[in-house]
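For ligands, and for the atoms within them, numbers begin at 1 and follow the listed sequence. The structure presented is a predicted model; accordingly, all values stated were derived computationally and were not measured.
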Amino acid sequence: MSPAFDLHCHSTASDGELAPADLVAYAAERDLETLALTDHDTVDGVAEARSAGERLGVEVITGLELAARYPGGQCHLVVWLPATDSVAIVDYVATLGDARRERAQAMVERLSALGYPLEWEDVERRANGRIGRPHLADALVAAGHATDRVDAFERLIGQDSPAYVAQGKIEPVDAVALARASGGITSLAHPRTLRLDPDRLDEFVAMLAAAGLDAIEAHRPDQPAEEQATLVALADRHGLAVSAGSDFHGPTRAHERPLGQHGSPGIDPDRAEALLSRLRGVPSDPVR
Ligand code: AMP
Ligand code: FE
Ligand code: FE
Ligand code: ZN
């Protein structure tokens, strides 16, 4: 059994359903000891989550999930930080609110041109923090343009769909270097979404490792055992740690990715402990 922790989850500071403090309470109810809040392109929820964590006895690690440039899509990097004060990556993501708003507006324009008009105000009010495609999906459903979120993503705003606009201007290697310069520890999130064949993925990971990548997110609840093993082997080939997280977005989506679950077989307990020690800033042997 893996220790009770989750290193990848979202709150209303981006596209999650629970406010940061409610997310921490939800984690406490499930006996999680450690939670990293990793909202898309922001650390704005972290202060609230940390104070809830102090109250409820949950260790809250500062984190974020950065979207980087990637042909035909985006590359997501989960970054855990020692602090949110005075680090370059925090200054950088502070600029991304405007970028995300402009990108969402560009998608609304495309949707309108395709015959699916939305009121911008209706999209914007759905986001408390960083605006993302789930907010657009909900607006599309409310306007009767899609039957549900899945339909909205499949037909309109998914990666291969006509109204999709990529988020993330920073190059992945620059993002990794920025995280490292900020004292952060970086993991390549859900590598499967890069849709690379094994050799290309190996080359991509080698490039990120040279820039200072620390880990591969090998363990997720929606990832079959053989894929987890493939990603552990990938990490080992490049001398990287492995990370585990649910990518939890909220109770209504918990059937896909429940908080605190890492799938089967899940992360090796020794490797989990080594990574957690590193995230806490405790010196330990290199995580392998
Ligand atoms: P964005 O960062 O705005 O591009 O939105 C990415 C987010 O959209 C992901 O973190 C998920 O929360 C959600 N998402 C991505 N693809 C899908 C999908 N096919 N169905 C439902 N939600 C999705
Ligand atoms: Fe998301
Ligand atoms: Fe992601
Ligand atoms: Zn995520």
Side-chain angles (χ1 to χ4, degrees), residues 6-18 23 35-43 45 61 63-70 72-80 93 96-108 110-111 123-124 126-141 146-161 163-170 172 175 186-195 215-223 243-259 261-262:
D6 202 319
L7 295 179
H8 183 169
C9 57
H10 297 268
S11 75
T12 50
S14 64
D15 58 6
E17 294 168 349
L18 298 177
L23 175 67
L35 186 76
L37 182 62
T38 56
D39 273 307
H40 296 286
D41 294 336
T42 186
V43 292
I61 292 172
L64 59 97
E65 183 176 16
L66 194 63
R69 186 196 294 271
Y70 188 76
Q74 42 198 338
C75 166
H76 284 186
L77 296 159
V78 164
V79 182
W80 304 285
V93 297
L96 296 178
D98 289 342
R100 275 195 167 266
R101 203 168 312 109
E102 284 162 20
R103 177 260 199 157
Q105 280 166 341
M107 290 185 69
V108 166
R110 287 198 185 190
L111 286 163
V123 178
E124 198 173 31
R126 294 172 188 277
N128 291 314
R130 292 289 182 266
I131 194 163
R133 283 181 289 156
H135 306 115
L136 278 165
D138 289 347
L140 284 164
V141 173
T147 52
D148 54 21
R149 269 192 181 179
V150 173
D151 180 43
F153 271 89
E154 277 182 2
R155 280 192 304 112
L156 300 170
I157 60 172
Q159 211 166 287
D160 302 315
S161 306
Y164 176 71
V165 176
Q167 171 63 33
K169 300 243 186 305
I170 189 167
T186 307
S187 183
L188 178 62
H190 41 73
R192 180 177 51 172
T193 58
L194 298 170
R195 301 192 290 191
I216 301 275
E217 188 179 72
H219 305 286
R220 295 168 56 91
D222 54 0
Q223 203 144 259
S243 69
S246 65
D247 206 354
F248 179 77
H249 277 74
T252 73
R253 294 150 82 184
H255 58 285
E256 304 158 21
R257 299 194 297 266
L259 192 71
Q261 304 288 307
H262 309 147

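The closest approach between Gly158 and ligand 1 stays at or above 4.0 Å for every heavy atom of the residue. Using a non-hydrogen distance threshold of 4.0 Å, Arg103 registers as a contact of ligand 1. Taking 4.0 Å as the cut-off, Gln167 does not count as a neighbour of ligand 1 on heavy-atom distance. Ligand 1 has no atom lying under 4.0 Å from any heavy atom of His10.
Using a 4.5 Å heavy-atom threshold, the side chains of Thr252 and Arg149 count as separate. Residues Arg133 and Arg103 meet the side-chain proximity criterion, which asks for heavy atoms closer than 4.5 Å. In this structure, Met107 and Ile157 have side chains that are in contact, with non-hydrogen atoms separated by less than 4.5 Å. A 4.5 Å side-chain heavy-atom check between Asp39 and Leu64 finds every atom pair outside the cut-off. Annotation: side chain of Ser14 is not in contact with side chain of Asp41 (no heavy-atom distance under 4.5 Å).
Formation of a donor-acceptor pair under 3.5 Å by the Glu217 side chain with backbone atoms of His190 is found in this model. When atom types are taken as modelled, the side chain of Gln167 and the backbone of Ala67 share no donor-acceptor pair closer than 3.5 angstrom. A donor-acceptor pair under 3.5 Å is formed between the side chain of Ser161 and the backbone N or O of Glu154. A distance-only check finds a donor-acceptor pair linking the side chain of Thr38 to the backbone of Cys9 [under 3.5 Å]. The closest donor-acceptor contact from the side chain of Asp247 to the backbone of Arg257 lies at 3.5 Å or more, if one exists at all.
Among all non-hydrogen protein atoms, the one lying nearest atom 2 (O) of ligand 1 is Arg100 NH2, 3.0 Å. Of the protein's non-hydrogen atoms, the one nearest atom 10 (O) of ligand 1 is His40 NE2, 2.9 Å. Looking at atom 15 (C) of ligand 1, its nearest protein heavy atom turns out to be Phe153 CE2, 3.4 Å. Protein heavy atom nearest atom 6 (C) of ligand 1, with residue, atom name and distance: Arg133 NH2, 3.6 Å. For atom 7 (C) of ligand 1, the nearest non-hydrogen atom of the protein is Asp15 OD2, 3.4 Å. Remark: minimum distance from atom 11 (C) of ligand 1 to any protein heavy atom is reached at Arg253 NH2, 3.8 Å.
For the residue pair Val123 and Ala139, the shortest heavy atom distance occurs at CG2-CB, 3.8 Å. Residues Asp6 and Ser246 come closest through the heavy atom pair OD2-OG, 2.6 Å. Minimum interatomic distance between Ala254 and Phe248 (heavy atoms only, all atoms of both residues): CB-CE1, 3.9 Å. Tyr164 and Gln159 make their closest contact through CD2-O, 3.5 Å (heavy atoms, listed as atom of the first residue, atom of the second, distance). Nearest approach of Ser187 to Ser243, heavy atoms of both residues: OG-OG, 2.8 Å.
Polar contact with ligand 1: absent for His76 (N/O pair, distance under 3.5 Å). Inclusion of Gln74 in the set of residues having an N or O under 3.5 Å from an N or O of ligand 1 is warranted.
Each protein N, O or S atom less than 2.8 Å from the Zn ion (ligand 4) was counted, giving 4.
The aromatic rings of His249 and His10 lie parallel to each other, with less than 30° between the two planes, well short of the 60° mark.
Contacts of Gln159 with ligand 1, taken as heavy-atom pairs under 4.0 Å, are absent altogether. With a 4.0 Å heavy-atom cut-off, ligand 1 is reached by no atom of Arg149.
Salt bridge Arg195/Asp160: present, at least one basic N to carboxylate O contact under 4.0 Å.
Residue contact check: Gly132 has heavy atoms under 4.0 Å from atoms 3 (O) of ligand 1.
For the Fe ion (ligand 3), protein N, O or S atoms closer than 2.8 Å were enumerated as Glu65 OE2, His76 ND1, His190 NE2, with waters left out.
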